[in-house]
Amino acid sequence: MRNDRRRFLGLLAASPWLVSCAARTAVRDAPVAAPPTTPEDLSALATELEAELTGRGFALPDLREERVIRQLAGVRPYRRGGIRVEGESHGGFPLFHNYGHGGGGLTTAWGCAEEVARMKTMAGFVRGSRVTVVGAGIIGLTTALRLQEDGHRVRLVFRETTPHTVSDVAGGQWAPSLMAWGSGPSAGPRRDRILRDSLRRLRAEIERDVGVREVPNFVAMGYGASVGKMAGEYLPDATWHDAIPIRGLKMAGTQVDTLLIEPSRYLAALWERLRRGGVEEQVAELAQLDEVRQFGDDFAVIATGMGARELCQDSAMRPIRGQLVLLEPQDLGYLFSHAGGYLFSRGDALVLGGTVERDVEDPTPTASARERILSRHRRFFAPQA
Ligand SMILES: Cc1cc2nc3c(=O)[nH]c(=O)nc-3n(C[C@H](O)[C@H](O)[C@H](O)COP(=O)(O)OP(=O)(O)OC[C@H]3O[C@@H](n4cnc5c(N)ncnc54)[C@H](O)[C@@H]3O)c2cc1C
């Protein structure tokens, strides 16, 4: 890539014709620009041209007001001190907890489901035993499915499910953010296991066409996005761009190839599998943990997200509200992270994020957050001369 770029720059220097020809191609969608003069400008132009000429140039998002569909907000179920993925005997009844995933539930759900499967096996629950899973967001659905795979008879009990859960509000990037992993010697290895198991399960979904795909996330230079911390260890190495290959954007940054999970589509696909496997469904809101015994099953899993604060009387649960603005879908083919927010190009919408509002749990979107999110992205993506 570097050698190709050097050769390309050499070509540019050697051929005024190529410069004029290629420059016309590269900037055809952008306002007329002054000719590049500095080495940095030339380098950025070369990268942009290279992307254009090889068909790898991406388009800028269209952020005009008429493309906005709606705004929505949700409360990330953050748990101080770490996610709660553990077993307990509640008055003699075996319970497994799986909640507190903050801003990383889509990212870690399958790995946590795998942890629950290991724990229940160690506790002696084998094929044929019956389980109640309370909660039908991403955590409850993946856990239920994982237990069904082990041959358990699964009952799902929930207050609401897709499209009315926090999981449906999520942006959908594979990158753990705003979540705590706990402390002690087992926390690091467990985190590693959860992330690897999750990635393995989600990668296996790609070819099933259920709303999971691999996409580049461009990260503006100098911005420490959570996905950047995953590169090289869980995700492929980050690639440096002198100019991020988006036509009309003159900016250096990195590219991290990650997964995009389209929440509502994926949750619907999980439901379909569960129903095919004969899951029993029950709409109910549990007020106390003891009530889980009424179903008469052998053990239970609590996957109630923020609801665990009341149900398990867990004062470590802290809401972190997040708001998003949705625009009509635009097939951009990338995610983008910068200091002013993030942008995810999904099949159902172009998603602009977002806010991080600690200890706010009213999920009603506000007009001021909407304007803030839009103006930050508009400023950032304004076509540059
Ligand atoms: C704006 C925003 C953007 C996000 N972006 C991402 C992202 O890009 N990537 C990522 O990995 N994560 C992201 N997240 C985080 C992700 O949405 C959460 O971590 C995840 O949804 C938590 O899933 P859950 O199943 O625990 O909770 P929920 O989806 O809230 O599901 C909880 C379930 O429990 C049920 N329930 C609760 N209490 C009771 C009760 N007492 N009795 C019966 N049922 C009950 C509910 O009805 C529901 O079915 C984002 C979150 C927000 C708000």
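Just so you know, ligand 1 is whichever comes first in the structure, and atom 1 is the first atom listed for that ligand.
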Each residue besides Val166 in its hydrophobic cluster should be listed here, by chain and number; the cluster joins Ile, Leu, Val, Met, Phe, Trp and Tyr at side-chain heavy-atom distances under 4.5 Å.
none
Tell me, which residues have any heavy atom less than 4.0 Å from some atom of ligand 1?
Gly74, Arg76, Pro77, His101, Gly102, Gly103, Gly104, Gly105, Leu106, Thr107, Val134, Gly135, Ala136, Gly137, Ile138, Ile139, Phe158, Arg159, Glu160, Thr165, Val166, Ser167, Ala170, Gly171, Gly172, Gln173, Ala284, Glu285, Leu286, Ala303, Thr304, Gly305, Gly307, Gly322, Leu324, Tyr342, Phe344
Ionic contact status for Asp297 with Arg155, cut-off 4.0 Å:
yes
When you check the gap from the basic side-chain N to the acidic O, do Glu357 and Arg372 get nearer than 4.0 Å?
no
Sequence neighbours left out, what passes ring-ring contact (aromatic ring centres under 6.0 Å, His included) with Trp181? Give chain and number order.
none
Tell me which pairs pass side chain to side chain donor-acceptor pair (under 3.5 Å) where either residue lies in residues 118-129, with sequence neighbours left out.
Glu115-Arg118, Arg118-Asp197, Lys120-Asp150, Lys120-His152, Ser129-His152
Do Tyr99 and Arg84 have side-chain atoms, one donor and one acceptor, less than 3.5 Å apart?
yes
